[in-house]
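One-based numbering along the sequence shown.
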Amino acid sequence: MKSKIYYLPLLFLAVLSASCEKNDPDEWLKDNIEVVGRFPVIASLSIVPPQTSRVPAGSSVQLDLRYWSDDPVDKINLYATVGAGARQTVSTSAYAKAYSAVSKTDSLILPYQVPAGLASGTSIKLDAEVLNQNTLSRTSSVTLTVQ
């Protein structure tokens, strides 16, 4: 009698597993996701030396952007937010291959003209955005202070 009790749960599991529909997990994923691509990667955004983050009003600053992407890059945008003002587009650059063997990234020098007449201590936030053709983007920021 004891041996029949041990077989009962096994029989129940066998009937249950046979009645379940066998779905391949990969098929479920293929039916329920849409791949749009990969995000670009920004390795660094820095101010080109000897310049620093403290800048005089009216001066010119150059930013060194290092990035890469597995998917094709569409463009690079530079935005500026001066003080408490609204974010404005400074420049838009079409992608041009500029591979650096040293950093193993594409590199781009982005010029920025600091507005004249700003008060000392005014903060300027610069956002560099790398936008792929698949519309995925990545943004990195650097902040300048007017001296």
Side-chain angles (χ1 to χ4, degrees), residues 8-147:
L8 189 58
L10 291 176
L11 179 63
F12 175 73
L13 287 174
V15 169
L16 183 63
S17 65
S19 66
C20 292
E21 182 180 333
K22 303 219 186 273
N23 286 333
D24 186 10
D26 290 337
E27 292 299 318
W28 184 89
L29 283 176
K30 288 177 188 175
D31 292 342
N32 291 291
I33 63 171
E34 179 183 345
V35 177
V36 293
R38 297 182 185 199
F39 282 91
V41 176
I42 295 179
S44 67
L45 176 65
S46 59
I47 300 167
V48 176
Q51 297 168 323
T52 65
S53 62
R54 297 196 49 81
V55 296
S59 66
S60 181
V61 176
Q62 291 186 329
L63 303 174
D64 183 9
L65 174 65
R66 303 294 173 119
Y67 64 97
W68 76 86
S69 180
D70 290 333
D71 287 351
V73 174
D74 184 30
K75 60 187 172 184
I76 294 93
N77 296 315
L78 180 63
Y79 303 101
T81 306
V82 179
R87 181 170 129 163
Q88 296 179 346
T89 303
V90 174
S91 66
T92 297
S93 307
Y95 173 71
K97 186 175 180 177
Y99 182 74
S100 168
V102 174
S103 65
K104 299 191 182 340
T105 62
D106 278 318
S107 61
L108 179 64
I109 301 296
L110 297 166
Y112 176 70
Q113 183 68 38
V114 178
L118 292 177
S120 180
T122 301
S123 174
I124 302 170
K125 181 181 176 196
L126 299 174
D127 299 319
E129 175 190 47
V130 178
L131 180 66
N132 278 354
Q133 290 177 0
N134 61 17
T135 71
L136 297 176
S137 68
R138 184 77 66 197
T139 303
S140 186
S141 302
V142 90
T143 302
L144 306 176
T145 304
V146 176
Q147 51 176 327

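Looking at L63 and I109, their side chains never come closer than 4.5 Å, going by heavy atoms from C-beta outward. Taking the side chain as every heavy atom from C-beta outward, V90 and L110 never approach each other to under 4.5 Å.
Here the shortest heavy-atom pairing between Q51 and Q62 reads OE1-N, 3.2 Å. Considering all non-hydrogen atoms of both residues, V130 and P40 come closest at O-CG, 3.4 Å. Among all heavy-atom pairs drawn from S69 and N132, the shortest one is OG-ND2, 2.9 Å. Residue T122 comes nearest to G83 through the heavy atom pair CG2-N, 4.1 Å, listed as atom of the first residue, atom of the second, then distance. Listed here is the closest heavy atom pair of W68 and A43: CZ3-CB, 3.8 Å.
If you run side chain to side chain donor-acceptor pair (under 3.5 Å) between R66 and each of S103, S44, S140, only S103 comes through. With V55 as reference, L144 is the one residue of I47, L144, T145, L118 to meet the side chain to side chain contact (heavy atoms under 4.5 Å, CB included) rule.
The salt bridge (Lys or Arg N to Asp or Glu O under 4.0 Å) analysis of residues 85-97, with sequence neighbours excluded, yields the pairs R87-D127. For residues 38-52, the salt bridge (Lys or Arg N to Asp or Glu O under 4.0 Å) pairs, not counting sequence neighbours, are R38-D70.
From L65, atom CG reaches atom OG of S46 across 9.0 Å, with rounding to the nearest 0.5 Å. For the atom pair OG of S53 and CD1 of I124, the computed distance is 11.0 Å after rounding to the nearest 0.5 Å. Between S100 atom OG and D106 atom CG the span is 9.0 Å, to the nearest 0.5 Å. Taking OH of Y95 as the reference point, atom CD of Q133 lies at 10.5 Å (rounded to 0.5 Å). For the atom pair CD (E129) and CG (L78), the distance works out to 10.5 Å, reported to the nearest 0.5 Å. Expressed to the nearest 0.5 Å, how far OG of S141 lies from CG of L126 amounts to 8.5 Å.
With hydrogens and angles ignored, the 3.5 Å screen pairs no side-chain donor or acceptor of T105 with any backbone N or O of S107. The backbone N or O of L136 sits less than 3.5 Å from a side-chain atom of N134, completing a donor-acceptor pair.
Listed by chain and residue number, D74, K75, S137 satisfy the side-chain contact (heavy atoms from CB on, under 4.5 Å) test with L131 (two or more places apart in sequence, or in another chain).
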